[in-house]
Amino acid sequence: MHIVVPLRQSPDLVEELQINAEATDIDRQAAKLGISEWDEQALEEALCLKDGSGAKVTVVTAEGGQAEELLFTALAKGADRALKLAGDFSAPMDNHRLARALADAIGRLGANLVLTGVQSVEDLDGQVAVLLAAMLGWPHVSVVTRVELAGETAQVKQEHSGGVSAELEVRLPAVIGVQAARRTPRYAPVSKVRQAQKSAKLERLAVATDGRSGLRVRRVFKPEAAAQAEMIQGTPEEIAAKLVAILSERGLSR
Amino acid sequence: MPAGVYVVVEHLNGQIAELSFELLSAGRQLADARAGKLYALVLGAGGEASGVAGACGAADAALCVDHAALAGFAPEAHIVQLAALLKERPPAVTLVSNSSKGMDLAPALAVALGVAVVTNVAGLAVEGAKIVATSRLYGGKIAVEAEVEGGAAVLSLLAGAFPADKGKSGKPVAVETVSPCPQLDNARVAFKRLERPEAADIDISKQEVLVSVGRGIQDKENLALVQELAEALGAALCASRPLVDMGWMPKSRQVGKSGASVKPKVYLAVGISGAPEHVQGMKDAATIIAINSDPKAPIFDVAHYGVAADLFEVVPALTEKLRALRG
């Protein structure tokens, strides 16, 4: 069983994002990049499957930025093999290009199962998991919170709204968009990441990046709110007193 | 002939999902702007599709397909059927929700039809033959205006961006039954069963007052702070998704897209930034109060009262004042 886990870098939303001078993208130089949170969940689910059934786990990511750190961290957590994908990833917000690159890589690496994040914070032209499956001609299921392997199929749990979930059986090979792993993602201590940096090797694979979204981004901007909250200012004491007054008006602080 | 607009209608137990009424509302506006027709697409099994189709009065016509493989939701069967149906018609705009189903449908359908896809759409405009879609990305903090050349695309609409009321109409609608496509018999994804949420200690959707906590609480140990606030206020404690994923709060307390939708008298959001997935589940609360250290957090766009300050200072002060009042 070979599981490929595509990882992507995405901006940390705790930091305030800036827009570039041309207003065509966020300012990527200023953004703090890290592993996309859903991809971290996908990697955890893949490693759980490896722990349980001895699957082989390969991680891949587009080169540049924090790519090497992402890959060494994945190796330190237990991934078997790590590859940097080389190609033209310069176009921002184009998941078709990324999906095309991943489809090319997976076609050459071979895989029974692809686990990746169900979404990223910058999906303008479709989620990568589904685009990738469509390009490979493989079945897919998104918003998955558990994957179990059973011979030539995977049993997956797909979440719907209102706490409802569905159990589906998927014939392999398949692409699964992971929402959350069965457990909290494991942590790789800095010492283990350093050890991976010294002992493990990252491979490099040149891939086709000729996917196109067919969209033209006209403007990237910070939206004006239609309505704004009435902001309450003051010291913590003063704020608390004003909140109590608001709650009292609604009969809630007796 | 002007291109049509097609809406993929989601339903459960014979009821149309609220999100699908939002699609019908957006679709009506788009179809009228392009002088085209609005079609509702309803897939299902055991005869349920035609019943649901009859309730899509905002559309000019409803097309329904009935087949055992379309029971529940197996992504592949729905995509294959929708692609087969749409390929026989002039290139069009197809609208889906950004629900779990929509996430599987939108990109795959676009690839199958060879058209563009735009996700997380919160605004739509028509400029001649072009469609201009405005998406909310980066947790709702950034808007991206993108142009789709030509008249065809699949658009996935954000929940809450279009008014559902305008998608509801008691008007009778012509329902046409379409034969299922032959590929439905070889689907590689099989729907097994639906699981209902487990009974919880409390049903947060029935509470009058909720204190809701998000990532801003930083550490599991700090949950005691908001628990104390909830007790002082006589409120139940709930949470945004990240805290549930980290195992800090039970699933039964999750508010948002994949959790519960709540409409309390007061919703006090603590350390919640207000990503669209969360806002979808709480925007209809009568009074929303938000405490968040980032003054630009999108939660302040939906809240009635906002406090842009350190929750670790404000929450204990508020708890103390409420306790003093209760004596």
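Order of the sequence lines fixes the chain letters, A, B, ..., with proteins taken first and strands second; residue numbering starts at 1 for each chain.
Interface check for chain A: of the options B:E76, B:K265, B:R215, the most heavy-atom pairs under 4.5 Å are formed by B:R215. Among A:V118, A:I26, A:V14, A:T24, the residue with the largest count of heavy-atom pairs under 4.5 Å with chain B is A:I26. Interface summary for chain B: among A:D125, A:T153, A:T145, the most heavy-atom pairs under 4.5 angstrom belong to A:D125. When the candidates B:P316, B:A146, B:A143, B:A317 are compared by the number of heavy-atom contacts under 4.5 Å with chain A, B:A143 comes out ahead. If you tally non-hydrogen atom pairs under 4.5 Å between each of B:V302, B:V314, B:V315 and chain A, the highest count goes to B:V314. Contacts with chain B were tallied for A:Q119, A:E167, A:Q127; A:E167 has the most, counting heavy-atom pairs under 4.5 Å. Most heavy-atom pairs under 4.5 Å with chain B, from the set A:A134, A:P139, A:A166, A:S161: that is A:P139. When each of B:E208, B:Q280, B:E313, B:E320 is checked for heavy-atom pairs under 4.5 Å with chain A, B:E313 comes out on top. Interface remark: of the candidates A:A241, A:A129, A:S213, A:A241 forms the most heavy-atom pairs closer than 4.5 Å to chain B. Ranked by heavy-atom pairs shorter than 4.5 Å toward chain B, the options A:K157, A:E37, A:R183 are led by A:E37. Chain A forms more heavy-atom pairs under 4.5 Å with one residue of B:M246, B:K101, B:K251, B:R136 than with any other, namely B:R136. Contact tally against chain A (heavy-atom pairs below 4.5 Å) for B:G281, B:A116, B:S258, B:S261: the top residue is B:S258.
For B:S273, no part lies under 4.5 angstrom from a heavy atom of chain A. Heavy atoms of A:V143 lying under 4.5 Å from chain B belong exclusively to its side chain. For chain B, the nearby part of A:P11 is the side chain; its heavy atoms alone come within less than 4.5 Å. Looking at B:L19, there are no atoms closer than 4.5 Å to chain A (heavy atoms on both sides), in backbone or side chain. For chain B, the nearby parts of A:L131 are the backbone and the side chain; heavy atoms of each come within less than 4.5 Å. If you measure heavy-atom distances from B:V189 to chain A, the contacts under 4.5 Å come from both the backbone and the side chain. Residue B:A275 does not touch chain A at all, counting heavy-atom pairs closer than 4.5 Å. If you measure heavy-atom distances from B:I291 to chain A, the contacts under 4.5 Å come from the side chain alone. For chain A, the nearby part of B:I289 is the side chain; its heavy atoms alone come within less than 4.5 Å. Using a 4.5 Å cut-off between heavy atoms, B:E277 contacts chain A through its side chain alone, with no backbone atom that close. Within the 4.5 angstrom heavy-atom criterion, no atom of A:L172 approaches chain B. Interface remark: A:I239 contributes side-chain atoms only to the contact with chain B (heavy atom separation under 4.5 Å). Residue B:A190 touches chain A through both its backbone and its side chain, counting heavy-atom pairs closer than 4.5 Å. Only the side chain of B:V209 comes within less than 4.5 Å of a heavy atom of chain A; its backbone N, CA, C and O stay farther away. For A:E16, the part lying near chain B is the side chain, with the backbone staying farther off; criterion is any non-hydrogen pair under 4.5 Å.
Neither side chain, B:T119 nor A:D123, offers a donor N or O lying under 3.5 Å from an acceptor on the other. Judged purely by distance below 3.5 Å, without hydrogens or angles, the side chains of B:D301 and A:Q228 pair a donor atom with an acceptor atom.
Across every non-hydrogen atom of B:P107 and A:V130, the tightest pair is CB-CG1, 3.7 Å. Between B:G306 and A:A229, the closest heavy-atom pair is N-CB, 3.7 Å.
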Steps toward salt bridge (Lys or Arg N to Asp or Glu O under 4.0 Å) verdict (A:E159, B:R241): CA-CA 13 Å; A:E159 268 194 9; B:R241 166 133 218 164; 2.8 Å; yes
Which is it for A:R218 and B:E127 under the salt bridge (Lys or Arg N to Asp or Glu O under 4.0 Å) test, yes or no, and what are the steps along the way? CA-CA 13 Å; A:R218 295 212 295 205; B:E127 292 180 9; 2.9 Å; yes
Under the criterion side chain to side chain contact (heavy atoms under 4.5 Å, CB included), I'd like the reasoning laid out for A:L243 against B:K321: C-alpha separation, chi angles, the key distance, then a yes or no. CA-CA 10 Å; A:L243 290 178; B:K321 283 222 163 25; over 6 Å; no
Derivation of the side chain to side chain contact (heavy atoms under 4.5 Å, CB included) call for A:R250 and B:T287: CA-CA 9 Å; A:R250 287 155 184 82; B:T287 299; 2.8 Å; yes
Could you please spell out the steps behind the side chain to side chain contact (heavy atoms under 4.5 Å, CB included) verdict for A:K222 and B:I142? CA-CA 5 Å; A:K222 296 192 179 180; B:I142 303 282; 4.2 Å; yes
Would A:H160 and B:F73 satisfy side chain to side chain contact (heavy atoms under 4.5 Å, CB included), going step by step from the backbone distance to the final call? CA-CA 10 Å; A:H160 293 286; B:F73 179 69; 4.2 Å; yes
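In this structure a side-chain-to-backbone donor-acceptor pair under 3.5 Å is present from B:K141 to A:L13. Put simply, the side chain of B:D104 gets close to the backbone of A:S142: a donor and an acceptor are under 3.5 Å apart.
Taking CG of A:L247 as the start and OH of B:Y305 as the end, the distance is 10.0 Å to the nearest 0.5 Å. Here A:F221 contributes atom CZ and B:T134 contributes atom OG1; the two are 5.5 Å apart, rounded to the nearest 0.5 Å.
Here B:R188 does not pair with A:E152 in a salt bridge; the nearest charged N to carboxylate O distance is not below 4.0 Å. Salt-bridge formation is detected for the pair A:R219/B:E145: a Lys NZ or Arg NE/NH1/NH2 atom is positioned less than 4.0 Å from an Asp or Glu carboxylate oxygen.
Proximity of B:N120 to A:L124: side-chain heavy atoms (C-beta onward) are nowhere separated by under 4.5 Å. Side chains of B:V148 and A:L215 form a contact here, defined as non-hydrogen atoms less than 4.5 Å apart.
More than 12 heavy atoms of other residues, nucleotides or ligands sit less than 6.0 Å from atom CD of A:Q155.
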